[in-house]
Engineer: 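Below you will find the structure I want to go over with you.
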Amino acid sequence: FSAYKLLELKLETGRTHQIRVHMAHSNWPILGDPLYGGKLRLPQGASPELLQAIQSMQRQALHAVSVELRHPISGTSMSWQSPVAEDFQRILEVLESCG
């Protein structure tokens, strides 16, 4: 659906709100972001399924699939993976079905 885009972003600095601020500044705020996203705008022409998925998202549509860092003291590489939460997965599925 053209009103929403799926993006993969990579943080460079780890600064607080980095992705949220940059996306809002680029006029592509994060869905569900109360600080930088502004008022929720439902896209005209969206399917009832998409509207329901958007309205049921009660948080920011952000997810870190993986986090990697070098431990600041030992220098050991550390990494974690996390599956996508059910509410976020639903948004992704509906958007993918919209083409």
Engineer: Same cluster for Leu62 and Leu35 if Ile/Leu/Val/Met/Phe/Trp/Tyr side chains link at under 4.5 Å?
Structural biologist: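 No, no single cluster joins them.
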Engineer: To the nearest 0.5 Å, tell me how far Leu95 CG sits from Leu31 CG.
Structural biologist: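 The CG atom of Leu31 is 9.0 Å from CG of Leu95, to the nearest 0.5 Å.
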Engineer: With sequence neighbours excluded, give me every salt bridge (charged side-chain N to carboxylate O under 4.0 Å, His left out) pair touching residues 74-87.
Structural biologist: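 Every pair satisfying salt bridge (charged side-chain N to carboxylate O under 4.0 Å, His left out) with a residue in residues 74-87: Arg59-Asp87.
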Engineer: Each residue besides Trp80 in its hydrophobic cluster should be listed here, by chain and number; the cluster joins Ile, Leu, Val, Met, Phe, Trp and Tyr at side-chain heavy-atom distances under 4.5 Å.
Structural biologist: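 So far as hydrophobic clustering goes, Trp80 is joined with Val67, Leu69, Met78.
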Engineer: Mind checking who shares a hydrophobic cluster with Val65, ILVMFWY linked at side-chain heavy-atom distances under 4.5 Å?
Structural biologist: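 Once heavy-atom contacts under 4.5 Å are chained together, Val65 still belongs with nothing else.
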Engineer: Between Arg70 (side chain only) and Thr76 (backbone N and O only), is there a donor and an acceptor less than 3.5 Å apart?
Structural biologist: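 Answer holds: no.
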Engineer: Determine the minimum heavy-atom distance between Arg90 and Ala53, stating which atoms define it.
Structural biologist: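 Heavy-atom minimum between the residues: CG-CB, 4.4 Å.
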Engineer: How long is the straight-line distance from CD of Gln60 back to OH of Tyr36, given to the nearest 0.5 Å?
Structural biologist: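 The CD atom of Gln60 is 10.0 Å from OH of Tyr36, to the nearest 0.5 Å.
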Engineer: Is there a path of hydrophobic side-chain contacts, each under 4.5 Å between heavy atoms, that joins Val21 and Trp28?
Structural biologist: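 Not linked; separate clusters.
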Engineer: Looking at residues at least two apart in the chain, or sitting in another chain, which of them share a salt bridge (Lys or Arg N to Asp or Glu O under 4.0 Å) with Arg20?
Structural biologist: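 Applying salt bridge (Lys or Arg N to Asp or Glu O under 4.0 Å) to Arg20 gives Asp33.
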Engineer: Return each pair, listed once, that meets salt bridge (charged side-chain N to carboxylate O under 4.0 Å, His left out) where at least one residue sits in residues 21-32; pairs must be two or more places apart or across chains.
Structural biologist: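 Every pair satisfying salt bridge (charged side-chain N to carboxylate O under 4.0 Å, His left out) with a residue in residues 21-32: there are none.
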Engineer: Do you know which two heavy atoms are closest between Val94 and Leu50, and how far apart they sit?
Structural biologist: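 Taking every non-hydrogen atom into account, CG1-CA, 3.5 Å.
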Engineer: Residues in ring pair (Phe, Tyr, Trp, His ring centres under 6.0 Å) with His22, at least two apart?
Structural biologist: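 Partners of His22 under the ring pair (Phe, Tyr, Trp, His ring centres under 6.0 Å) test: none.
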Engineer: Would you name the heavy atoms of Ala64 and Ser82 that are closest together and state the gap between them?
Structural biologist: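 It is O-CB, 3.8 Å.
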Engineer: Is the shortest side-chain heavy-atom distance between Pro29 and Arg41 below 4.5 Å?
Structural biologist: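 Contact flag for Pro29/Arg41 side chains = yes.
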Engineer: Donor-acceptor check, side chain of Glu49 to backbone of Ala46, threshold 3.5 angstrom: yes or no?
Structural biologist: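 Side chain of Glu49 to backbone of Ala46: no pair is present.
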Engineer: Does the side chain of Ser77 come within less than 4.5 Å of Glu68's, by heavy atoms?
Structural biologist: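 No, their side chains stay 4.5 Å or more apart.
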Engineer: Just verifying a value: how many Å separate Ile91 CD1 and Glu96 CD, rounded to the nearest 0.5 Å?
Structural biologist: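 Going from CD1 on Ile91 over to CD on Glu96, the span is 12.0 Å.
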Engineer: Could you tell me which non-hydrogen atom of Leu51 sits nearest to which non-hydrogen atom of Pro43, and how far apart they are?
Structural biologist: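 In this case the closest contact between Leu51 and Pro43 is CD2-O, 4.1 Å.
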Engineer: For atom NE2 of His71, is the number of surrounding heavy atoms from other residues, nucleotides or ligands below 6.0 Å larger than 12?
Structural biologist: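 Yes - once you tally the heavy atoms of other residues, nucleotides and ligands closer than 6.0 Å, there are more than 12.
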Engineer: How long is the span from the CD atom in Gln52 to the CG atom in Leu42, to the nearest 0.5 Å?
Structural biologist: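 That separation rounds to 11.5 Å.
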